[in-house]
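Contents: one structure, followed by commentary.
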2 protein chains.
Amino acid sequence: MTASKRDELVEKALEIFYRGGFHATGMDKLVAETKISKTSMYKHFRSKEDLIVATLKLRDEQFRTQFFQRVSELADSPEGQLLAAFDALDEWFHDDNFKSCMFIKASSEYQDINHPIHVVAADHKRHLAGFFSGLAAKAGLRNPEDIGRQLLMLVEGAIVIAHLHGIDNAASDAKKTAEILIKAAS
Amino acid sequence: MTASKRDELVEKALEIFYRGGFHATGMDKLVAETKISKTSMYKHFRSKEDLIVATLKLRDEQFRTQFFQRVSELADSPEGQLLAAFDALDEWFHDDNFKSCMFIKASSEYQDINHPIHVVAADHKRHLAGFFSGLAAKAGLRNPEDIGRQLLMLVEGAIVIAHLHGIDNAASDAKKTAEILIKAAS
DNA sequence: GACAATATGTACCGATCTGTACATCTTGGG
DNA sequence: CCCAAGATGTACAGATCGGTACATATTGTC
């Protein structure tokens with residue numbers, strides 16, 4: 001199998017798992033919806049769970065690239081970008097395909113903290129916390145590590161609320177709290 | 001089946017679903033672990049999903065009773081109780097059996113906002129938001145509805161972080177943010 | 001002891017699950 | 001045109017899935 005076929009599989013599987021869940025989506029359904037044969041799938045991945053790990057890693061990469069870029073487009077200063085992150089979040093929540101966070105869902109279905117799927121999910125969140133604390137440091141805030149974790153916490157909370165209740169003002173609620181938090185740390 | 005047999009089933013099923021997940025836990029596993037026959041289960045519940053709904057309703061009731069009581073034990077004033085909620089959260093995170101929030105997991109596995117399981121999960125969170133905004137109003141804070149939602153958001157974020165990374169300082173991070181938020185609204 | 005109500009145990013249904021085997025097809029390069 | 005590499009399609013294995021049927025056992029009351 002060429003790399004491009006493997007990439008095609010991972011990209012398509014990512015969408016299907018994101019939309020339908022991991023346990024609730026079987027290999028036969030993946031075959032039907034990706035138009036890629038099961039034999040091909042098992043040529044590149046030893047198991048369904050290995051495929052899930054690959055989709056999460058791709059999602060991590062894509063999400064961060066897109067999210068960081070969007071934040072950079074929305075604001076120039078580090079402090080502005082900390083708040084712009086919530087505007088980018090709001091855009092994501094309003095996407096018709098928004099279905100919560102793939103990593104929150106993955107860690108909910110694979111709860112063992114040492115499970116490879118859970119590990120990838122936790123790594124993703126560490127990267128995001130780093131993003132926030134990096135900006136907080138650049139913005140000259142006090143305790144940027146703490147601020148980074150706290151802002152990430154707001155993001156996670158907003159995602160959960162947006163998913164549970166459908167589109168509402170979760171992102172703007174979070175942004176207001178972030179504004180207060182940042183002001184207090186200036 | 002007597003009410004007590006049904007109650008026993010729901011209580012036992014709650015623990016098993018909480019620990020192992022919904023899709024990942026089959027009826028045969030429930031039978032093996034509850035020592036209640038499948039025939040009995042289908043005497044009281046038309047389907048597995050109906051049983052899940054019952055376990056979530058029981059969990060909502062138990063969680064709120066225990067959580068509200070614990071908060072009342074930890075502080076007397078409404079403002080004190082808003083913060084004490086995070087201490088109660090911390091205690092929960094340190095419980096050996098802590099495995100995230102049953103409602104976050106339920107809504108992750110049953111994503112359709114109109115699905116009965118998702119509905120019960122969303123209702124649970126509305127109740128919690130009401131708890132927080134009620135306390136915020138009693139504490140004389142400005143915009144108690146907003147504060148209620150924002151505090152709930154911190155709770156949700158803390159739960160997700162605690163679940164992803166294992167025990168860390170998620171609850172205390174959230175509490176610090178809550179302190180700042182409450183001070184800003186006083 | 002009898003009997004009704006409640007519960008259990010077992011087998012089964014049709015479907016789906018993950019993963020394997022292998023014959024066959026397609027594609028691309030020489 | 002040939003051939004190797006890559007991919008597909010189909011059948012299958014054993015297991016598990018949610019749910020049903022029905023014979024049998026248990027329990028509690030009279």
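Chain A is the first sequence line, chain B the second, and so forth, proteins listed ahead of strands; every chain is numbered from 1.
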* Which whole-number value in Å describes the distance from I52(B) CD1 to dG18(D) C1'? -> 11 Å

* To do: Please test K105(A) against Q111(B) for side chain to side chain donor-acceptor pair (under 3.5 Å), starting from the C-alpha separation and ending with a verdict.
  => CA-CA 10 Å; K105(A) 295 192 286 187; Q111(B) 304 189 87; 2.6 Å; yes

* Can you find an N or O donor on one side and an acceptor on the other, under 3.5 Å apart, linking the side chain of K43(A) with the base of dG6(D)? -> no

* Asked: Among L14(A), I36(A), T55(A), whose side chain to side chain contact (heavy atoms under 4.5 Å, CB included) with L9(A) holds?
  -> I36(A)

* Asked: Whole-Å distance between dT10(D) C1' and D28(A) CG?
  -> 12 Å

* Separation of atom NE2 in H23(B) from atom P in dA15(C), rounded to whole Å -> 19 Å

* How long is the line joining CE of M27(A) and P of dC17(C), in whole Å? -> 11 Å

* Asked: Under the 3.5 Å rule, do the base of dG9(C) and the side chain of T39(B) count as making a donor-acceptor pair?
  -> yes

* Write down the distance between CZ (F45(B)) and C1' (dG18(D)), rounded to a whole number of angstrom. => 16 Å

* H118(B) ring center near H165(A) ring center (under 6.0 Å) -> no

* Asked: When the nearest nucleotide of DNA chain C is assigned to K29(A) and to K35(B) on a heavy-atom basis, which residue is associated with the more 5' position?
  -> K35(B)

* Report yes or no: is there a donor-acceptor pair, N or O only, under 3.5 Å between the side chain of K38(A) and the base of dG19(C)? => yes

* Asked: Regarding E49(B) and H115(B), is there a side-chain donor-to-acceptor distance under 3.5 Å anywhere?
  -> yes

* Asked: When you measure from the side chain of S37(A), which nucleotide among dT8(C), dT8(D), dT20(D) comes out closest?
  -> dT8(D)

* Asked: Please give, in whole Å, the distance from dG19(D) C1' to H44(B) NE2?
  -> 17 Å

* Can you tell me how far C1' of dC17(C) sits from CG of L51(A), to the nearest Å? -> 15 Å

* Asked: Taking atom P of dT20(D) as reference, at what distance in whole Å does atom NZ of K48(B) sit?
  -> 15 Å

